[in-house]
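Here is how names work: the chains are called A, B, and so on, in the same order as the sequence lines, proteins then strands, and each is numbered from 1.
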There are 2 protein chains.
Amino acid sequence: MADVNFNRLHSERAGDLLASDGNGKKTGPDADHSSPPYDLIELLFFAYRDFTSDPDDVLAQFDFGRAHHRVLHFVDRNPGIMVTDLLSVLRITKQSLGRVLKQLVDEDFIEQKPGENDRRQRRLKTTEKGHSLAMRLASLQAGRLNQAMKNMSEDEKAVTRKFLFHMINPDSRVEVAKLLRSDDPALKADPDGTQLFNDQETR
Amino acid sequence: MADVNFNRLHSERAGDLLASDGNGKKTGPDADHSSPPYDLIELLFFAYRDFTSDPDDVLAQFDFGRAHHRVLHFVDRNPGIMVTDLLSVLRITKQSLGRVLKQLVDEDFIEQKPGENDRRQRRLKTTEKGHSLAMRLASLQAGRLNQAMKNMSEDEKAVTRKFLFHMINPDSRVEVAKLLRSDDPALKADPDGTQLFNDQETR
DNA sequence: AATTTACGTCAGCCATATTGACTTATTTTC
DNA sequence: GAAAATAAGTCAATATGGCTGACGTAAATT
């Protein structure tokens, strides 16, 4: 709140990184003396902050947090997923997952049944109640994304997807690409997202 | 670790949201029956996860967390910023900020002096040590961003910036635009980022 | 039969956020 | 000049969501 005064907050530190045009482009002949793209760094911070805030508000009404959202989302998107897969996608520990998953199961948002071939597995899927909440949360995020892209051409949307994909660690891209195309038959023939994302690097 | 098996995890819930081409495009004549753009939702999640992971590793060596990073970043970028401004940018409480800011001041990453006109204010700026760490962290994020954009034209980069800007709550865009252009004289004449981001909506 | 895997659990720790109430300077307003 | 508003600090309590390490069990694989 309160009108914030950001005027007169100018950097007193020019010359930190040699000459730059202020946009991160090189001005010298060869070496990369550019300053960091602060605009993008900060845009990503603010964009993600707001991207998560809508769902957070809804989740709070259920006494859930962002952790529940992530679990609910990936279970809803990948019915039959097992605990090990969730751990690797979310990159958290079994204990951390266990707590939120238990709540989601206890409160009937997620149900589980043993794997048919391997009875050690817990195959997870959302209940109707869970699916409904997942859709509500996804719709909020969808609304924001659609609004942000409403004036974009298909090509421009593809550029955005490509950008986000390339922000992911190269090591993880194959796994992510698999997740993304998991219900899109048209992408089956593109195992590592190479075509999808016009990937021509890091190989 | 362990090879994860995402095959055979196909949605068993077709027909939830009427017909869709699987890409979030409308297939009907007018109403928006499209399903959420799950690919973008998940790409944003993974992109941000990895975007923050590099700095996290460095911060851990100093016994700092992501909260310290945010404070350090915005102080470094806005020398002379005061506590109230930080609170509004970071959207956290005074108590939360107080703790991490105290550590950063105690360990000589940030210094403070009273405002010249208003002696209640603490004008914050990074020390050499603090600036050095801030630059190190920014370079990590810059490296990832530059790599993600290395094959992009200037137009495509502009599209990406525009996308991120439009993901921000309309209410916050003016404030963010002010922050972004804070040391870029070329943008001074564009108070709410309208030109910069080719903004033609929400007015 | 031995090993590995999938999962669960106990116990404790830490970082980061929250709310509400209260204090102290200092500046602004009437 | 008195009253009100502002900038900042502080105390106390609480919640969330991560973490580590150790251990246990059932089922599958070698």
(request) Give the intermediate values and the outcome of side chain to side chain donor-acceptor pair (under 3.5 Å) for residues B/Q147 and A/H166. (result) CA-CA 8 Å; B/Q147 159 269 326; A/H166 284 156; 5.5 Å; no
(message) Please list, in numerical order, the residues of residues 102-111 of chain A that have a heavy atom closer than 4.0 Å to any atom of DNA chain D.
(response) none
N/O donor-acceptor pairs under 3.5 Å from side chains in residues 93-101 of chain B, not counting sequence neighbours:
residue : atom : partner : partner atom : Å
B/T93   : OG1  : B/S96   : N            : 3.4
B/T93   : OG1  : B/S96   : OG           : 3.1

What donor-acceptor contacts under 3.5 angstrom involve side-chain atoms of residues 42-51 of chain B, with partners at least two apart or in another chain?
residue : atom : partner : partner atom : Å
B/E42   : OE2  : A/H73   : NE2          : 2.8
B/R49   : NH1  : A/V89   : O            : 2.9
B/D50   : OD2  : A/N169  : N            : 2.7

(request) With a 4.0 Å heavy-atom cut-off, tell me which residues in residues 48-63 of chain A come close to DNA chain C, sorted by residue number. (result) none
(request) Let me know, please, whether A/V83 or B/V100 comes out on the 5' side of the other along DNA chain C by nearest nucleotide. (result) A/V83
(message) Looking only at side-chain N and O atoms, does B/T127 offer a donor or acceptor that is under 3.5 Å from a partner on B/D108?
(response) no
(request) Sequence neighbours left out, what pairs pass salt bridge (Lys or Arg N to Asp or Glu O under 4.0 Å) with at least one residue falling in residues 55-64 of chain B? (result) B/D56-B/R66
(request) Grab the CG-P distance between B/L101 and C/dT16 for me, whole Å please. (result) 13 Å
(message) Does a side-chain N or O of B/H68 approach OP1 or OP2 of C/dT16 to a distance below 4.0 Å, or not?
(response) yes
(message) If the cut-off is 4.0 Å, is B/T84 near the phosphate of D/dT6, judged by side-chain N/O to OP1 or OP2?
(response) no
(request) Give a yes or no on whether a salt bridge exists between B/K178 and B/E175, defined as a side-chain N under 4.0 angstrom from a carboxylate O. (result) no
(message) Side chains of A/V71 and A/V75, heavy atoms from C-beta outward: is any pair under 4.5 Å?
(response) yes
(message) How would you summarise protein contacts on nucleotides 20-30 of chain D per nucleotide, using B for base, S for sugar-phosphate only and - for none, with heavy-atom distances below 4.0 Å?
(response) BBB---BBS--
(request) Could you check whether B/G98 gets within reach of a base, just the sugar-phosphate, or nothing at all, counting any heavy atom under 4.0 Å? (result) nothing
